[in-house]
Amino acid sequence: MVKIAPSLLASDFTKIAEEIKKIEKAGADILHLDVMDGHFVPNLTFGLPIISQIKKICSIPLDVHLMVTNPEDYLEDLCGIGVEYISIHQETVFHLHRQITVIKSGKSKAGIALNPATNVETIFPILEYLDFVLLMSVNPGYGGQKFLPLVFDKISKIKKYANEHNIKIEIEIDGGVNNQNAPQLIKAGATMLVAGSYVFKNADYKKQIKSLR
Ligand code: DX5
Ligand code: ZN
């Protein structure tokens, strides 16, 4: 069954603890945390001190999406905090396989995120070392943007390559996910759906999450 990962970015930051409790109760599988540095993306969010506090109060797995130019500086600390999923952007790292190894030796699940303009073929040589791929269906940096259907072709390319090479991998879609595109995404092979504004825009988070499934 598909895993739903609400993005904290769309929550009320003046009540983070309350929002996390509500989202857990509403049946979220994973909590998606968007780390932005104001360099790789034109926006700033939060970093390690806040993530380690969140880890103490959150009972569902954390999924940290690193939208930063220097993800390698965060990996050991994130693993030390016990973050379950960590993704780094293909566009930010020279030695992807090395950083994936760092994440996995820290006992977290390792993923590579791809911007809309980045070809999936760029990660095929190391696909077998990954636990998941995060396909951006908007340009990273902000919540509430319009979904880009170009991810469908990427999902099928990954599925085809993975099948041919006997690779088991999760496919996470991030950006503009809603109840209109979720059924097609799941059908195409997405196994994790990130949703920020769609989940948080309605006070009934449970209903929103259920409608995505
Ligand atoms: C965008 C972030 C997303 C964002 C999704 O840079 O990576 O995780 O929070 O928000 P929505 O679902 O509103 O597009
Ligand atoms: Zn994200």
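Each ligand, and each atom within it, is numbered from 1 in the order the structure gives.
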Atom indices of ligand 1 within 4.0 angstrom of Met36 heavy atoms, with elements: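 Near Met36, the atoms of ligand 1 are 6 (O).
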Shortest non-hydrogen contact from Pro6 toward Ile23: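 Closest approach of Pro6 to Ile23: CG-CG1, 3.6 Å.
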Lys55 NZ: over 12 foreign heavy atoms closer than 6.0 Å: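 Enclosed.
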Donor + acceptor pair across side chains of His32, Asp34 (<3.5 Å):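 Their side chains do contain a donor-acceptor pair, which is all the 3.5 Å distance test asks for.
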Protein heavy-atom partner closest to atom 8 (O) of ligand 1 - residue, atom, separation in Å: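 Checking every protein heavy atom, the shortest distance to atom 8 (O) of ligand 1 gives Asp174 OD1, 2.7 Å.
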Any Tyr198 heavy atom less than 4.0 Å from ligand 1: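 False for this residue.
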Ligand-side contact atoms (ligand 1) for residue partner Leu9, heavy atom cut-off under 4.0 Å: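 Listed by number with element: 9 (O).
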Contact summary for Leu31 and Cys58, nearest pair of heavy atoms: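 Closest approach of Leu31 to Cys58: CD2-SG, 4.1 Å.
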Non-hydrogen atom of Ala10 closer than 4.0 Å to ligand 1: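 Checking ligand 1 against Ala10, which is what was asked, there is no heavy-atom contact under 4.0 Å.
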Side-chain donor or acceptor of Tyr205 paired with backbone N/O of Glu24 under 3.5 Å: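 The answer is no, because no donor-acceptor pair under 3.5 Å joins these two groups.
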Residues Glu121 and Tyr161: side-chain donor-acceptor under 3.5 angstrom: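 Judged by distance alone, the side chains do not pair up.
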Closest to atom 9 (O) of ligand 1 (judged by heavy-atom distance), picking from Gly143, Gly196, Ser7, Ala195: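 Comparing heavy atoms across Gly143, Gly196, Ser7, Ala195, the nearest one to atom 9 (O) of ligand 1 lies in Ser7.
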Ile20 side, atom CD1; Ser11 side, atom OG - distance, nearest 0.5 Å: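 OG of Ser11 is found 7.5 Å from CD1 of Ile20.
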Carboxylate-amine/guanidinium contact Asp29 Arg213, below 4.0 Å: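 Looking at Asp29 and Arg213, the cut-off is met.
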Short N or O distance, Gly144 and ligand 1, threshold 3.5 Å exclusive: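 Right, the criterion is met.
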Under 4.0 Å to a heavy atom of Met67 - the qualifying atoms of ligand 1, by number: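 Those qualifying, in numeric order: 6 (O), 7 (O).
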Numbered atoms of ligand 1 (with element) below 4.0 Å of His65, judged on heavy atoms: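 By the 4.0 Å cutoff, the relevant atoms are 7 (O).
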Subset of ligand 1 atoms that lie under 4.0 Å from at least one heavy atom of Ser197: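 Once the distances to Ser197 are compared, the set is 11 (P), 12 (O), 13 (O).
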N/O donor-acceptor pair under 3.5 Å between Lys104 side chain and Tyr129 backbone: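 The answer is yes, because a donor-acceptor pair under 3.5 Å joins these two groups.
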Numbered atoms and elements of ligand 1 in range of Gly175, under 4.0 angstrom, heavy atoms: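 Under 4.0 Å from Gly175, ligand 1 has these atoms: 14 (O).
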Side-chain (Thr69) to main-chain (Phe40) donor-acceptor, under 3.5 angstrom: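 Flag not set: sc Thr69 to bb Phe40 has no pair under 3.5 Å.
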Shortest protein contact, atom 14 (O) of ligand 1 (heavy atom only):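 Result for atom 14 (O) of ligand 1: Gly176 N, 2.8 Å.
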Heavy-atom pair of closest approach, residues Val133 and Leu130: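 Shortest heavy-atom contact: CG2-CD1, 4.1 Å.
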Ligand 1 atoms in contact with Val194 (distance to a heavy atom under 4.0 Å):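 Numbered from 1, ligand 1 contributes 8 (O).
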Atoms in ligand 1 flagged as close to Pro140, the criterion being non-hydrogen separation under 4.0 Å: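 Listed by number with element, the hits are 6 (O).
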Taking atom 2 (C) of ligand 1 as the reference point, the nearest protein heavy atom with its distance: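 Of the protein heavy atoms, Asp34 OD1, 3.4 Å lies nearest.
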Carboxylate-amine/guanidinium proximity below 4.0 Å for Lys109 and Glu170: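 No, Lys109 and Glu170 are not salt-bridged.
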Heavy-atom nearest neighbour in the protein, as seen from atom 1 (C) of ligand 1, with distance rounded to 0.1 Å: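 Ranked first by proximity to atom 1 (C) of ligand 1 is Tyr142 O, 3.4 Å.
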Sidechain-backbone polar pair: Gln208 side chain, Tyr198 backbone, donor-acceptor under 3.5 Å: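 At least one qualifying donor-acceptor pair exists.
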Option from Ile103, Asp131, Leu78 for which side chain to side chain contact (heavy atoms under 4.5 Å, CB included) with Ser108 holds: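 In the set Ile103, Asp131, Leu78, the residue that makes a side chain to side chain contact (heavy atoms under 4.5 Å, CB included) with Ser108 is Ile103.
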Listed protein N/O/S atoms, distance to the Zn ion (ligand 2) under 2.8 Å: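 You should have found His32 NE2, Asp34 OD1, His65 ND1, Asp174 OD2.
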Nearest protein heavy atom with distance in Å, relative to atom 6 (O) of ligand 1: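 The closest heavy atom on the protein side is Gly141 N, 2.7 Å.
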